[in-house]
Amino acid sequence: MDESSAVELARQAVTFAKTDGADSAEASVSIARRFQVEARENAIARLEDSTGQSLHLRLFRDGRKATLSSSDLSLGGIREAVRRTLAQTQCVSADPFAGLPDEPAAENVDLDLCDRAIVTREGAEKIEDALALERLIRQADARIVNSSGSHYTDAESITAIANTTGFAAAYTATRTGRSTGPVALDGSVKRIAHYGTAARRLDELESVGSVASTAAQRAVDLFGARKPATMRVPVIFERDVAATLLEDLFAAVSAANVAVGNSWLIGRLGERVGSAGVTISDDGRLPAKLGSSPFDGEGVATRRTAVFEQGTLRTFLYDTYYARKLGAASTGNSTGNGIGPNNFYLEPGTISLAELIADTPRGVLVLDTIGFATEHASGTYSRGARGFFIEGGELAYPIDEFTIAGEYPAMLAGVDAIANDLRFDAPVASPSFRVAEMTISGE
Amino acid sequence: MLLDETLLSRLIARALRHGGEFADVFCERRNTFAYRLQDGRIHDASCSITLGVGIRVVAGESAGYAHSDDLSPDALMRAADSASLIARTSPGGQTQAQTLSAASVSSLYDDGERREHADAARYVALLERADIAARGFDPRVVAVNAHLTDELQEVWIATSEGRLVADRRPLITLGIQVVASDKKERGSGYVGDGGRTSIVYFDQHTPEELASDAARIAVVNVTAVPAPAGEMEMIVGSGGGGVLLHEAVGHGLESDFNRRGTSLYSGRVGERVASELVTIYDDGNLLEERGSINVDDEGVPGQHKVLVERGILRGYMQDTLNARLMGSESTGSGRRQSFRFPPQPRMCNTYMPNGDQSVEEIIAGTRRGIYAKSFAGGQVEIGKGDFVFMVGEGYLVENGKVTAPVRNATIVGNGPDAMTKVVAVGNDSRLARRHYTCGKGGQYVPVGVGMPTVKISAITVGGTQGGGHG
């Protein structure tokens, strides 16, 4: 299927909805070819190559909304599902804010989202990528004796949206990724690391050699880790962990959470809540980045939005529904079924992570966290963590089995140094940064 | 049946044309209806249809997989071709597909009400009753979000070994989240229930009862004090405390990690892995439970498995691929999220049977600790077994008495280490309310957990209270 037939199918679904009694409707059709290979040692453990398709439909009748998602794209199947979904609107409360966007249709700009080098890449080369990762992690360190698998994945996907206001557009995007999970053994202690990366373009993807060496280092680095004492210290979040903190911040600026009282940032627009270094943007127009697209999930043009400027909260992020509800305008952050990030990132600083560590007399470098306990209403953050203890500006010894906890208001105000290692390997991205003081709990 | 027997046989033959020891075809049709209440109103309704076929070929240690949501014979043959390519790149045997022979299974699901979806108005009424009950529980309740999901998944599985089996799996879930506030502090509580049953389940387990409990937890959390930080004793509450078994032990006993030698439990069957007070079962055969399956997603009947018995590791949870390579048998643990995914060995309902102490005795014997009545979630790292849990409802225990509620406590520890520190097991084992979903390798499946009250002699609690400056 190509872009024009995907658009046609979306139009067809919208027409069915309108014919059967919807006041307005919007359909998005997604068609994705996905390739995935997993290698272990010198063999292929799993090979997958499939094309999947799905339809998402939102329809409105008398201010009542119902949604459909279906993998049955036969015309008969769509027609039947549309009828059932329409029937469901009867039990939904009318909502004056529900409906399609008012904004004029987005122009379809070319953001360099599709890399032909991925589309035309030979299967054998992709398989060799995964096999090479398996070889290289073992060559990197003698203690790496096993792996939970090395992967190469890529996908080419078409996204088409049509609605009853006449909007109809589509774009094609690619993505590719490499990841590996080396297992290291030291005596009887086994450690698994996971490291991976992704990009829209093959030539922007971190190399096989670099992915393997980083993963291998993460697996062996933590041998001999101790449980630290319970204390308050400066904490440096390495960029991949830092990105998970940005995900929490995204949740706190998402209008969907703000509208239901589930954000610690409620009532603080225009206030200084972070240190001067905290500048965070959401940008859907960065060329060839994973979070970029010409329009969002309801056809609204994407843009660059300054969310925090030098610590000051400038805006929340909206889709059409929550913008109406909160008296704002959409920022192009609709996923079609909620609010999601475009490229949501913290502005990088000028020093390297190594320099940041050297600038820390005593503290903790966090390389990995587990768990997902953030209370967005209060901004309370708590995770299990692993990393290094820093003494005299150097990584003194590895630490694990501790938790790290704090409150986002204090954490953002406490960001006192930001590194220059930002990269966009996910829609939410961050450079490494340091928080002046947090609680770690161990012994 | 989604596809007729002749087409299923042709697909299996096609999938095996380049070789391979095993092939299967997984056909799925799933209809889900969902309703969501927010701000006292039914905010939206949704319908979701999953329809498609997954085809797998196993050659040696390798598996080829392809899926199609286009059910035309041509598209399915193309999927079989894609899956068959694995046998060209990986050494493996050849096999001749056996003639398909339909097997029937008895049902663990409650068919009290015919498995068609009920009228929308009946689902919506449950949500509205929950909303009223939660708001009426306490004036501090400020927000109620509730959702009701009713799904019917039909699967048909055909294998090159001649197995042909169908399963029709209902699953209903009512989830209620309540936020309470006293202007200064906010707290939230979540309760979910349901199972492989129909809407009639909520005649006995009323939305009022569930919503009041969620509201109670939210109010408790408003008054809760910040969690202490540091090492202390922990009492794990019955029922929902079973998440601890699921994360700290269960995942490490899934056969894929053990065949590959990446689990800390690899090669340790017969060895002591826990205190002798610890026995753990995984059971796919419990009536109506979320994790129960008449047959797994490879067509193998669900089973009762002894994982750990009095501290000794007894066995792993096996799917067919890993069982074959380990010279073992499938334990009916091959599960997948949908036709878009190949099966993985997974848990069903994981629980610990009764010990011999009363809850009162366990509390009275605790000097300084945290009493985690329920967890809000958890995660484990398989290699070393480190885990983390978020406490949903927790209290301090001081000198043998339950004292103040605590908020936002995170528990961190190591699975095998914690299991050796189990020093008391209660006589109140029960399965938790049914709302747990387990994620692994990007696939989500419904599971059940259960446990008696259990005491662990030392665990690290993360919080912000306590600890000097570093």
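Letters A, B, ... mirror the listed sequences (proteins, then strands); counts begin at 1.
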Taking salt bridge (Lys or Arg N to Asp or Glu O under 4.0 Å) as the test, write out the residues that go with B:Asp81, two or more places apart. B:Arg14, B:Arg17
Residue from B:Val57, B:Ile411, B:Asp69, B:Leu264 scoring the most non-hydrogen pairs under 4.5 Å with chain A is B:Asp69
All heavy atoms of A:Gly384 vs all of B:Val388, minimum pair found to be N-CG2, 3.7 Å
Contact check, side chains of B:His43 and A:Asp95, non-hydrogen atoms, under 4.5 Å: yes
Of the backbone (N, CA, C, O) and the side chain (C-beta and beyond), which part of B:Arg340 lies under 4.5 Å from a heavy atom of chain A, both, or neither? both
Hey, mind stepping through B:Asp44 and A:Thr67 against side chain to side chain contact (heavy atoms under 4.5 Å, CB included) and telling me if it holds? CA-CA 8 Å; B:Asp44 60 20; A:Thr67 59; 5.5 Å; no
May I have the step-by-step check of side chain to side chain contact (heavy atoms under 4.5 Å, CB included) for A:Gln88 and B:Cys47, ending in yes or no? CA-CA 8 Å; A:Gln88 279 186 297; B:Cys47 165; 3.4 Å; yes
Can you list the residues of residues 183-190 of chain A that sit under 4.5 Å from chain B, counting heavy atoms only? A:Val183, A:Val189, A:Lys190
Shortest non-hydrogen contact from B:Thr262 to A:Ile192? O-CD1, 3.6 Å
If every non-hydrogen atom of B:Ala45 is compared with every non-hydrogen atom of A:Val92, which pair is closest and at what distance? CB-CG2, 3.6 Å
Heavy-atom check, side chain of A:Asp400 versus side chain of B:Asp386, under 4.5 Å: yes
Do NZ/NE/NH1/NH2 and the carboxylate oxygens of A:Lys227 and B:Glu231 come within less than 4.0 Å? yes
I'd like to check A:Asp72 versus B:Arg29 (side-chain heavy atoms, cut-off strictly below 4.5 Å). Are they in contact? no
A:Glu122 atom CD, over 12 foreign heavy atoms within 6.0 Å: no
Proximal component of A:Gln90, with respect to chain B [non-hydrogen, under 4.5 Å]: neither
So which of A:Ala43, A:Ser378, A:Gly261 has the biggest tally of heavy-atom pairs under 4.5 Å with chain B? A:Gly261
Under 4.5 Å from any heavy atom of chain A, what part of B:Ser48 do you find: side chain, backbone, both or neither? both
Examine whether an atom of A:Arg40 lies under 4.5 Å from a heavy atom of chain B, and if so say whether it belongs to the side chain, the backbone or both; otherwise answer neither. side chain
Is any residue of residues 46-54 of chain A within less than 4.5 Å of chain B by heavy atoms, and which ones? A:Arg46, A:Leu47, A:Glu48, A:Asp49, A:Ser50, A:Thr51, A:Gly52, A:Gln53
What part of A:Ser74 gets closer than 4.5 Å to chain B, counting heavy atoms only: side chain, backbone, both or neither? neither
Return yes if some donor-acceptor pair links the side-chain N/O of A:Ser71 with the main-chain N/O of B:Leu51 below 3.5 Å, else return no. yes
Under 4.5 Å from any heavy atom of chain B, what part of A:Phe60 do you find: side chain, backbone, both or neither? neither
Taking all atoms of both residues into account, what is the closest heavy-atom pair of B:Thr460 and A:Ser441, and its distance? CG2-O, 3.6 Å
Pairing residues for B:Arg186 by the side-chain contact (heavy atoms from CB on, under 4.5 Å) criterion, not counting sequence neighbours: A:Ala377, B:Val179, B:Ser181
Contact origin within B:Ala79 toward chain A - heavy atom pairs under 4.5 Å: neither
Begin with the C-alpha distance, continue with both residues' side-chain angles, and end with the deciding distance and a verdict on side chain to side chain contact (heavy atoms under 4.5 Å, CB included) for A:Leu68 and B:Ile49. CA-CA 8 Å; A:Leu68 163 72; B:Ile49 298 167; 4.2 Å; yes
Okay, B:Phe387 and chain A: the region with an atom under 4.5 Å from a heavy atom over there is backbone
Can you tell which of A:Asn337, A:Ile44, A:Thr85 has the highest number of heavy-atom pairs within less than 4.5 Å of chain B? A:Ile44
For the side chain of B:Arg260 and the backbone of A:Ser148, is there at least one donor-acceptor N/O pair under 3.5 Å apart? yes
Evaluate A:Val260 against B:Gln38 for side chain to side chain contact (heavy atoms under 4.5 Å, CB included), listing each step before the verdict. CA-CA 9 Å; A:Val260 297; B:Gln38 187 181 314; 3.1 Å; yes
Is the number of heavy atoms from other residues, nucleotides or ligands within 6.0 Å of CZ (A:Arg34) greater than 12? no
Side chain, backbone, both or neither of B:Asp39 within contact of chain A (heavy atoms, under 4.5 Å): side chain
Is A:Glu375 close to chain B through its backbone or its side chain, or both, or neither, when contacts mean heavy atoms under 4.5 Å? side chain
Please look at B:Phe341 and chain A and tell me whether the side chain, the backbone, both or neither of the residue comes under 4.5 angstrom of a heavy atom of that chain. neither
Where does B:Ala75 contact chain A at under 4.5 Å (heavy atoms): side chain, backbone, both or neither? neither
